[in-house]
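In what follows, every chain begins at residue 1, and chains take the letters A, B, ... in the order their sequences are listed. Computation of the quantities below employed the complete heavy-atom set of this structure, encompassing side-chain atoms and omitting hydrogens, waters and symmetry-equivalent molecules.
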Number of protein chains: 2
Amino acid sequence: MVAERAGVSVATVSNVLNNKASVSPDFAERVLKAVGELGYVVDIAASRLRSGRAALVGVVVPDLTNPMFATFVSTLEHAARLAGFDLVVVSARNDPAEEADRLSRIRSWRPAGLIVIPCDGALAERLPIGLGGTPVVVADRIPDSGGFDLVAVDNGPAAARIARHLGSEGYGSCLVVGTSLAISNVRERWDGIRAAAGPTYFEIVEIGIGDAARLDAVESRLADARRPEALFALDHVTALELYKLVGRLGLRVPADIAFAGFDEMEWMRLVSPPVTAVRQPVEDMAHAAWQRLVKRMENDAATPTARRLECAVTIRGSTARQPGASREDEAA
Amino acid sequence: MVAERAGVSVATVSNVLNNKASVSPDFAERVLKAVGELGYVVDIAASRLRSGRAALVGVVVPDLTNPMFATFVSTLEHAARLAGFDLVVVSARNDPAEEADRLSRIRSWRPAGLIVIPCDGALAERLPIGLGGTPVVVADRIPDSGGFDLVAVDNGPAAARIARHLGSEGYGSCLVVGTSLAISNVRERWDGIRAAAGPTYFEIVEIGIGDAARLDAVESRLADARRPEALFALDHVTALELYKLVGRLGLRVPADIAFAGFDEMEWMRLVSPPVTAVRQPVEDMAHAAWQRLVKRMENDAATPTARRLECAVTIRGSTARQPGASREDEAA
DNA sequence: CTGAAAGCGCTAACAT
DNA sequence: ATGTTAGCGCTTTCAG
């Protein structure tokens with residue numbers, strides 16, 4: 001350690017930097033002075049190697065360019081920093097294979113814990129063996145097999161509220177559009193919609209994820225004379241594509257077709273009329289995940305818990321029933 | 001190393017895992033088998049400690065929730081991974097003090113290089129002493145003091161194209177709105193606008209950054225009877241706030257006021273009419289920054305270089321001159 | 001209260 | 001081709 005410039009032993013420097021044991025004020029001062037002059041910061045790797053303690057947690061998200069996940073990470077990072085932790089963040093780019101790779105790579109860092117939003121339900125198969133005691137908190141999406149601490153939103157009830165709203169506005173049919181039912185969120189939202197008994201007939205189309213997503217099926221349904229009276233997109237990326245499609249087809253919202261979305265984004269309030277949407281408490285989810293992980297890291301006991309956060313639903317103009325115009329009249 | 005399960009020495013395991021030296025096929029196989037069974041991955045920290053080589057680069061951005069920076073990081077991460085590098089990503093949350101803290105923390109990791117998008121021009125003061133030989137590539141924003149490798153977009157020329165377009169459409173006055181001229185981007189864009197000689201009278205308002213941003217000054221200018229004929233937002237966050245303000249004031253675009261923005265976002269193509277905007281080549285910028293850093297990491301020679309990437313300008317309806325309607329008529 | 005020395009998991013020399 | 005050993009920078013006993 002170069003900080004022997006202070007003329008003390010390495011042990012003393014270590015003690016000062018970790019405010020350990022009792023170090024005389026003058027010695028401490030000399031050390032701090034040398035540290036300042038040299039611009040020294042401890043080598044965190046060597047530190048962990050010897051002490052066994054990590055102050056490092058790994059974060060795996062499906063896609064960093066998705067504002068929702070970016071916000072999740074950013075919130076997490078701040079919370080972690082306040083607790084003295086560093087974050088190693090990796091994005092799986094919506095690719096299960098890449099997720100598996102990152103998951104394995106991240107173990108090389110020997111993190112004290114992991115927070116992961118999985119690509120799909122098969123997370124458990126991808127969580128490398130030998131992860132041993134490392135605590136894992138899963139957020140947002142629920143793996144097929146249990147055994148993890150869980151933090152997610154109340155997808156079903158929130159989606160059901162939109163479904164009931166559409167029913168009460170008198171919409172007779174609604175096309176629900178999601179990426180893939182392989183993702184628990186999508187599945188839960190769809191289940192919630194179906195569970196909400198009402199006059200509306202719901203039907204779902206899966207369009208796929210990322211670059212592989214195809215709107216063809218939706219387009220042909222909308223071009224059809226007997227097109228649905230409403231659209232409900234189950235995530236904001238889908239919502240955006242769907243909204244552009246509606247515009248391209250020259251359909252007016254809500255006169256020709258009503259429009260609602262899960263995941264509220266800025267643009268939904270900018271367009272006219274603004275879009276009815278479910279807002280997810282992303283920051284809360286990040287905080288909850290962090291707190292859960294902290295608990296796990298300081299005390300390995302207890303069975304995994306599952307926590308559900310409540311979403312906010314905002315009804316806006318895009319799902320308003322046109323006064324005096326029943327859907328049949330227009331279609332005729 | 002627990003992989004002595006293979007019945008070989010630690011050195012052989014290391015050689016196999018790094019495909020070093022010559023290892024007999026059967027020994028290699030035995031090692032790989034044991035590694036597989038144990039789910040072992042090397043401790044990257046111990047590895048670096050001994051070898052001195054890092055395969056780690058640090059990335060510092062002002063704000064991860066900004067889709068532009070998130071895309072930058074995501075692109076970077078993919079490029080890094082292909083080259084066998086890991087990334088430690090930190091967000092400064094638009095706070096110079098936090099940036100300084102993160103910059104110093106990140107040194108604890110002893111990264112092989114750093115890519116940073118600084119909060120403001122005073123980066124050099126914040127780059128901790130003792131960063132010694134670590135190569136640094138600065139992207140997007142240009143520090144006041146030089147000496148760094150630089151990758152940015154051609155802010156001035158791109159902004160000038162918008163300025164000339166507004167002039168040729170006959171707009172006599174334009175209020176330019178940016179966060180702060182302390183940020184090089186904003187300064188360069190504003191300089192570019194002024195340098196573009198034309199009939200339009202340009203004026204700038206700085207609204208501040210993040211939560212501290214205040215639109216009051218802009219609002220009073222817009223409420224004024226002699227409000228400007230056009231608005232030009234110098235970044236997408238400002239553009240969004242500005243667009244909402246315009247809507248709140250009941251001004252129609254472009255009939256009452258024209259609207260253009262730097263940084264193209266999805267919503268700009270969704271609103272009606274769509275917004276004239278400058279699109280920045282973020283992915284290209286990430287790739288260029290990465291390549292520059294790789295060069296620096298493998299060969300510390302040469303003087304710092306500066307690279308400018310070209311932006312794409314798309315003219316849309318938000319800046320179209322209303323047929324047969326001169327601004328004066330409407331204001332009267 | 002301070003220093004000397006061992007050792008964390010790994011790789012680079014060197015020895016076999 | 002394989003094994004042995006030293007030591008990277010740090011923290012942790014344990015002596016002084």
Side-chain angles (χ1 to χ4, degrees), chain A residues 1-35 38-56 84 86 104-112 130-134, chain B residues 1-35 38-56 84 86 104-112 130-134:
Chain A
M1 222 195 285
V2 250
E4 302 325 2
R5 172 193 189 115
V8 301
S9 77
V10 291
T12 302
V13 173
S14 178
N15 281 333
V16 171
L17 264 33
N18 301 295
N19 2 287
K20 281 289 229 10
S22 35
V23 183
S24 69
D26 39 323
F27 266 60
E29 194 185 353
R30 270 159 60 194
V31 170
L32 262 10
K33 182 161 172 287
V35 164
L38 267 44
Y40 170 82
V41 287
V42 299
D43 185 319
I44 219 168
S47 167
R48 193 227 68 206
L49 192 57
R50 176 65 239 241
S51 73
R53 269 164 283 121
L56 202 223
D86 281 309
S104 127
R105 280 293 288 186
I106 219 167
R107 290 185 50 223
S108 293
W109 294 102
R110 304 288 189 266
L131 201 59
T134 314
Chain B
M1 226 196 282
V2 248
E4 304 321 9
R5 174 194 187 112
V8 301
S9 76
V10 290
T12 302
V13 173
S14 177
N15 282 332
V16 171
L17 263 34
N18 302 293
N19 2 285
K20 283 287 231 10
S22 34
V23 183
S24 71
D26 39 322
F27 266 62
E29 193 186 353
R30 268 160 59 195
V31 170
L32 262 10
K33 181 161 172 287
V35 164
L38 267 44
Y40 168 83
V41 288
V42 298
D43 185 320
I44 218 167
S47 168
R48 193 226 68 206
L49 194 58
R50 175 67 239 237
S51 74
R53 268 165 285 118
L56 202 226
D86 281 309
S104 128
R105 279 291 289 184
I106 217 168
R107 289 183 51 224
S108 292
W109 293 100
R110 304 290 188 265
L131 199 60
T134 315

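- The residue among B/Ala28 and B/Ala46 whose nearest nucleotide of DNA chain D lies closer to the 5′ end is B/Ala28.
- Phosphate proximity of C/dC10 to B/Ser47: absent, as no side-chain N or O sits under 4.0 Å from OP1 or OP2.
- The shortest distance between side-chain heavy atoms of A/Asp43 and B/Leu49 falls below 4.5 Å.
- Here C/dC10 presents its C1' atom at 14 Å from CH2 of A/Trp109, a figure rounded to the nearest Å.
- Checking B/Asp26 against A/Asn18, the closest nucleotide of DNA chain D that is more toward the 5' end is the one next to B/Asp26.
- Checking the phosphate oxygens (OP1, OP2) of C/dT2, a side-chain nitrogen or oxygen of A/Ser24 falls inside 4.0 Å.
- Taking atom CZ of B/Arg107 as the reference point, atom P of D/dC10 lies 12 Å away to the nearest angstrom.
- Between the P atom of C/dA12 and the CZ atom of B/Arg48 lies a distance of 14 Å, rounded to the nearest Å.
- Set against C/dT11, C/dG3, D/dG9, the side chain of B/Val10 has C/dT11 as its closest nucleotide.
- Residue-level contact check: B/Asn15 touches neither bases nor backbone, having no heavy atom under 4.0 Å from any strand.
- The line from CH2 of B/Trp109 to CG of B/Asp86 is 10.5 Å long, rounded to the nearest 0.5 Å.
- Within the 4.5 Å cutoff, side-chain heavy atoms of A/Arg110 are placed close to those of B/Val41.
- In this structure, A/Leu49 places its CG atom 17 Å from P of C/dA6, rounding to the nearest Å.
- Rounded to whole Å, the distance from CZ on A/Arg50 to C1' on D/dG9 is 12 Å.
- The OG atom of B/Ser104 sits 12.0 Å away from the OH atom of A/Tyr40 when rounded to the nearest 0.5 Å.
- Taking atom CG of A/Leu17 as the reference point, atom C1' of D/dG9 lies 13 Å away to the nearest angstrom.
- No donor-acceptor distance shorter than 3.5 angstrom exists from the side chain of B/Arg48 to the backbone of B/Ala54, with no hydrogens or angles considered.
- With D/dC10, D/dT11, D/dG3 as the candidates, the nucleotide lying closest to the side chain of B/Phe27 is D/dG3.
- The distance from atom CZ of A/Arg30 to atom C1' of C/dT2 is 11 Å, rounded to the nearest whole Å.
- Rounded to an integer number of Å, the gap from A/Asp43 CG to C/dG9 P is 16 Å.
- Between B/Ser51 and C/dT11 there is no side-chain polar atom (N or O) within less than 4.0 angstrom of OP1 or OP2.
- Regarding contacts with the backbone of D/dG3, a side-chain N or O of B/Thr12 is found under 4.0 angstrom from either OP1 or OP2.
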